[in-house]
Number of protein chains: 2
Amino acid sequence: MRLSALYMPTLKEAPADAEVISHKLLVRAGMIRKLTSGIYTYLPLGRRSLDKIAQIIRDEMNAAGAQEIVMPMVQPGDLWKESGRWEAYGPELMRINDRHGRDYCLGPTHEEVVTDLVRGEVRSYRQLPLNLYQVQTKFRDEIRPRFGLMRGREFIMKDAYSFDKDMPGADASYASMYEAYNRAFTRLGLRFRAVQADSGAIGGSFSHEFMVLALTGEDTIVTCTRCEYAANLEKAEVRYAGEICEKGECPPLEEVSTPGTHTVAAVANFLGVHEEQILKTLLYDADGEAVAVLLRGDRELNEIKLKNLIGATSLELASPEQVTKWTGAAVGFAGPVGLLGVERIYADEEVLRSTNWVAGANKDDAHVRHLDIDRDVKLTGSADLRTVTLTDPCPACGGPIEMPRGIEVGHVFKLGTKYSEAMGATFLDEGGKEQLMIMGCYGIGVSRILAAAIEQNNDEFGIVFPPSIAPYEVALLTLGAKDEAVVAKSEELYQLLSAKGVEVLLDDRNERPGVKFKDADLVGFPIQLVVGGKALARGVVEAKDRRTGEKTELAVDNFEQAFDEFRSRVLDGWAL
Amino acid sequence: MRLSALYMPTLKEAPADAEVISHKLLVRAGMIRKLTSGIYTYLPLGRRSLDKIAQIIRDEMNAAGAQEIVMPMVQPGDLWKESGRWEAYGPELMRINDRHGRDYCLGPTHEEVVTDLVRGEVRSYRQLPLNLYQVQTKFRDEIRPRFGLMRGREFIMKDAYSFDKDMPGADASYASMYEAYNRAFTRLGLRFRAVQADSGAIGGSFSHEFMVLALTGEDTIVTCTRCEYAANLEKAEVRYAGEICEKGECPPLEEVSTPGTHTVAAVANFLGVHEEQILKTLLYDADGEAVAVLLRGDRELNEIKLKNLIGATSLELASPEQVTKWTGAAVGFAGPVGLLGVERIYADEEVLRSTNWVAGANKDDAHVRHLDIDRDVKLTGSADLRTVTLTDPCPACGGPIEMPRGIEVGHVFKLGTKYSEAMGATFLDEGGKEQLMIMGCYGIGVSRILAAAIEQNNDEFGIVFPPSIAPYEVALLTLGAKDEAVVAKSEELYQLLSAKGVEVLLDDRNERPGVKFKDADLVGFPIQLVVGGKALARGVVEAKDRRTGEKTELAVDNFEQAFDEFRSRVLDGWAL
């Protein structure tokens with residue numbers, strides 16, 4: 001492609017609403033433009049990278065035996081009512097009425113549609129397993145779309161759905177997708193980790209997320225430095241290695257005045273104790289009912305763990321009004337003894353290992369001390385409920401953990417029979433008996449990968465594209481559009497490389513060298529070739545590895561071999 | 001691909017709601033499935049054909065210098081309000097409110113979005129011309145979706161938009177797209193005609209439609225048997241070659257009783273005159289006002305011509321109540337003399353060439369005779385207003401015309417400045433003066449082509465796919481899954497052809513020969529290769545040309561050459 005004929009509107013400045021680097025660089029490099037909040041147009045270069053990402057994913061899906069189809073974007077509300085998600089999904093589901101007033105929605109995901117497709121056709125175990133996928137535009141009406149392609153409303157996903165006749169088959173389908181994802185993300189040139197994840201609202205029993213490692217990631221991952229353990233922070237378990245120590249005698253419960261101490265830190269300071277000696281009592285509204293949770297003053301509750309433990313659909317921190325109703329006091333003085341109308345009290349396992357706590361007195365400006373949970377509190381239950389910290393050991397091997405940041409770009413789920421049961425997707429087994437299909441679903445954020453790759457690979461000059469997804473592999477810069485020798489050599493190299501199947505963008509614009517260098521760096525083509533008058537007079541063209549900045553001179557009379565060698569070095573550098 | 005691993009659910013029966021052959025065969029061949037009214041899922045084979053269609057179109061668009069982008073499906077209502085189409089478009093525009101109550105719509109077309117994109121970026125004549133296109137899912141909320149992919153609600157289109165700095169540039173862009181379309185439809189293997197067309201609601205000044213010729217087409221085309229003239233029926237002009245004859249003396253206007261004669265035929269019969277001697281008076285509601293049109297009793301009004309002549313936005317045949325209000329009589333007795341409150345009367349040119357008409361008397365059960373338009377009627381104007389008939393001469397050369405049926409699969413428009421003016425898409429010309437961009441838009445119905453190709457190419461056994469868009473070029477049928485020699489030879493040929501880059505579907509299912517033959521015919525793979533035990537014993541495999549039914553035996557010990565020759569014959573037969 002010749003840059004003179006390419007629509008690549010690069011910009012010096014990022015738009016004011018761009019907060020993250022991928023958003024800034026995608027806009028500046030002329031790859032995307034915002035249409036409206038959370039909705040983007042992909043310009044020619046952006047589309048090329050998207051296509052390459054999608055093609056790599058398709059290759060690996062096909063190799064794993066999945067079959068590509070195209071399901072509709074507009075879906076009938078009736079199917080969502082059948083699965084129960086019409087009510088459950090919330091306002092992220094973009095609902096529409098057609099001209100006849102019938103309910104539709106824009107598909108944020110396609111479990112209902114694919115289950116409807118298969119239940120109508122697949123009737124025998126002989127037709128299973130089946131894995132159908134598509135690469136398609138999806139819509140989720142995010143309340144606060146942001147970060148460009150990282151959290152848009154309209155986005156491109158690869159979604160696959162597997163149907164199996166039994167659990168071993170479903171496990172094999174899951175494993176096959178897990179492996180395909182590993183191969184795809186490796187080919188995409190990304191540094192990533194597959195981590196255990198919570199199954200979330202989509203339902204199901206088991207899942208992994210694929211995280212692109214990047215300092216700017218929204219997610220925190222817990223990985224072991226010693227074993228293979230890796231989990232999303234939401235999922236990461238806390239394990240206690242040692243025995244529970246003797247808790248010792250606890251003096252009688254005693255109320256103390258703690259005026260104006262609304263926070264754990266303030267109470268600790270006022271009473272001269274460590275935060276670890278304070279029992280934090282959190283109050284939640286779980287599906288309309290009160291739930292209290294006890295954990296150590298310096299710990300964070302993992303709400304996902306609580307939600308899964310109590311099986312709540314909706315879980316919200318109690319409002320100040322609810323706190324007052326349930327404690328009889330202002331916020332900051334809740335404690336497990338003397339709550340009003342709070343039937344359920346859960347404790348994080350850790351607090352059962354100690355005694356003699358300071359806790360709120362359920363009374364303004366007052367706390368209690370010498371609280372013994374065994375003696376003073378009637379617990380509903382206890383479990384691992386807190387968020388892991390860096391000082392916790394690996395739950396698998398006890399080794400030290402790390403907590404890098406990540407961007408979720410893929411997710412594999414075992415769905416089980418959630419949808420096949422709700423929607424009646426059955427088949428006749430070998431014995432002629434009707435059985436529910438066992439499903440799995442597998443998503444990859446195609447457009448999000450474009451952003452995540454840039455979050456992971458950029459520098460002060462712009463994007464540093466992994467070669468497999470760069471819009472072009474080589475930028476060939478003609479320095480001096482009026483120097484005939486330079487123009488002729490550029491043209492010759494452009495033809496030569498194109499004929500070899502190398503994707504080259506020839507910068508044949510009548511622009512100053514500085515503009516061409518800046519644009520090539522900004523878009524981040526992996527290899528830059530510079531044809532300049534002086535170097536050419538010496539019989540060389542300059543080659544630059546965008547990632548390392550390494551520059552080499554390639555002799556023009558041995559160009560092809562010199563280029564191949566340079567290219568191999570660049571590609572080898574990307575092989576992680 | 002092995003059929004044992006392919007999701008190709010063929011059916012013996014077509015669904016009850018399938019009226020046209022392409023709909024029946026696409027469903028029976030396991031290529032599409034209906035999700036809901038006018039909305040379809042493309043199964044693996046359907047998706048393959050769609051992809052091939054899209055790829056050929058992309059190739060030709062790229063070769064013509066158009067650049068591929070991806071615009072969003074969900075569009076802000078504000079842009080449509082800016083262009084004026086939010087009001088004008090009607091209920092086919094699927095409107096949505098997001099969670100904040102803001103107006104959006106599903107894009108039925110992208111003039112607003114692309115104009116918004118370009119007006120923000122292109123500021124100089126040096127950035128023009130520009131031609132941006134996409135292949136994308138669109139939505140139109142058709143009131144009566146039908147005919148499967150022919151008139152769906154969700155469908156796939158290629159839409160391109162050109163921006164030029166002046167008229168000669170815009171003409172060149174139009175011509176370039178026109179040529180690209182001709183090349184694309186030729187490569188798609190379709191028999192088609194480019195015809196002059198009305199510009200319709202999308203606006204603009206000049207357009208051509210590309211029609212796939214098929215007896216089942218919804219459109220009628222007017223083509224000359226002698227010259228290159230071809231037009232959509234809506235657009236086709238009527239030309240009168242000869243001089244206007246002497247009209248002769250007309251006796252005085254006279255009322256006659258014609259009880260119960262509500263139709264032209266009934267009046268002609270009652271009065272014993274030919275229908276050509278009756279002046280038909282049609283009453284229309286044009287944007288709320290009455291308009292009368294006069295034409296010969298045996299002619300049809302072309303409403304598009306009337307609409308364009310009077311510049312109406314909305315044009316509807318008068319209701320019985322309006323007829324009575326405007327004529328004072330029941331339907332069937334309208335005439336041009338004595339209308340009530342009808343300010344505008346237009347005549348089709350043809351009726352000015354004759355006199356002494358029979359017409360309605362604007363009175364129940366009465367007509368007038370001896371009506372002389374020049375003498376008795378105050379015309380607002382006259383023009384070519386009727387629909388062409390087979391007996392009309394070619395408007396270009398006077399030669400005999402034909403009127404084949406066609407399916408519209410492409411449309412090229414000169415838009416002019418309709419959108420650039422409404423939305424302020426300007427640039428600075430060579431003299432630094434602000435100018436409006438001149439636009440064109442160019443659509444191809446990608447999913448409709450799949451249906452149109454089948455409407456044009458089918459027989460009693462199923463689809464007869466043009467090779468360029470068949471899901472696989474070759475179906476390789478293994479007859480006898482338990483005959484080791486047959487299985488081994490099938491496998492060998494499958495590997496050999498795949499290695500040559502031929503797309504082969506190996507029917508390795510454990511099914512009876514009849515099932516395999518029927519499925520291969522139904523899906524319509526251009527070439528069938530049959531590996532059977534008896535033939536193999538004789539050293540041959542059988543090859544069949546799906547289009548002609550011609551069968552040949554290919555010697556296995558010279559297979560590659562024999563296959564290549566047979567394949568060339570098959571492909572040559574498709575070269576039209």
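Keep in mind that the numbers below use all heavy atoms, side chains included, and drop hydrogens, waters and symmetry copies. Quick note on labels: first sequence line is chain A, next is B, and so on, each numbered from 1.
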Quiz item: Quick check: does any side chain N or O of A/Q67 sit under 3.5 Å from a backbone N or O of B/A5, one acting as donor and the other as acceptor?
Solution: yes
Quiz item: At a heavy-atom separation under 4.5 Å, does B/D141 approach chain A through its side chain, its backbone, both, or neither?
Solution: both
Self-check item: Residue among A/I156, A/I96, A/N62 with most heavy-atom pairs under 4.5 Å to chain B
Solution: A/I96
Exercise. Determine whether more than 12 heavy atoms belonging to other residues, nucleotides or ligands lie under 6.0 Å from atom CD of B/E430.
Key: yes
Quiz item: Is the CZ atom of B/R512 crowded by more than 12 outside heavy atoms at less than 6.0 Å?
Solution: no
Quiz prompt | B/L106 vs A/L106 side-chain heavy atoms within contact, under 4.5 Å | solution = yes
Quiz prompt | Best-contacting candidate, B/M73, B/H100, B/K34, B/E142, against chain A by heavy atom pairs under 4.5 angstrom | solution = B/M73
Exercise. Please state whether the side chain, the backbone, both or neither of B/L50 comes within less than 4.5 Å of a heavy atom of chain A.
Key: neither
Quiz item: What residue, out of A/D98, A/L43, A/I39, has the most heavy-atom pairs lying under 4.5 Å from chain B?
Solution: A/D98
Quiz item: Side chain, backbone, both or neither: which part of B/R153 has a non-hydrogen atom closer than 4.5 Å to chain A?
Solution: side chain
Quiz item: If we only count heavy atoms from C-beta on, is the B/L35 to A/L79 side-chain gap below 4.5 Å?
Solution: yes
Self-check item: Side chain, backbone, both or neither of A/L132 within contact of chain B (heavy atoms, under 4.5 Å)
Solution: side chain
Quiz item: Is the backbone of B/V74 close enough, under 3.5 Å, to the side chain of A/E154 for a donor and an acceptor to pair up by distance?
Solution: yes
Quiz item: With a 4.5 angstrom heavy-atom cut-off, which part of B/E68 approaches chain A: side chain, backbone, both or neither?
Solution: both
Quiz item: Contact part of B/D51 toward chain A, heavy-atom cut-off under 4.5 Å: side chain, backbone, both or neither?
Solution: neither
Practice problem: Flag the one option from A/V113, A/T36, A/I143, A/D116 with the top tally of heavy-atom pairs under 4.5 Å to chain B. | Solution: A/I143
Self-check item: chain A contact via B/Q134 - side chain, backbone, both or neither, heavy atoms under 4.5 Å
Solution: neither
Exercise. Below 4.5 Å from any heavy atom of chain B, which atoms of A/D78 appear? Answer side chain, backbone, both or neither.
Key: neither
Quiz item: Heavy-atom distance under 4.5 Å to chain B: side chain of A/Y7, backbone, both or neither?
Solution: both
Practice problem: Please look at A/R33 and chain B and tell me whether the side chain, the backbone, both or neither of the residue comes under 4.5 angstrom of a heavy atom of that chain. | Solution: side chain
Exercise. Below 4.5 Å from any heavy atom of chain B, which atoms of A/M94 appear? Answer side chain, backbone, both or neither.
Key: side chain
Quiz prompt | Gap separating the CZ atom of A/R99 from the CZ atom of B/R95, nearest 0.5 angstrom | solution = 10.5 Å
Practice problem: Rounded to the nearest 0.5 Å, what's the gap from CD1 on A/I69 to CZ on B/R47? Could you check? | Solution: 10.0 Å
Quiz item: Measuring heavy-atom distances to chain A, does B/Y40 have an atom under 4.5 Å in its side chain, in its backbone, in both, or in neither?
Solution: backbone
Quiz item: So do the side chains of A/T137 and B/V70 get within less than 4.5 Å of each other, counting heavy atoms only?
Solution: no
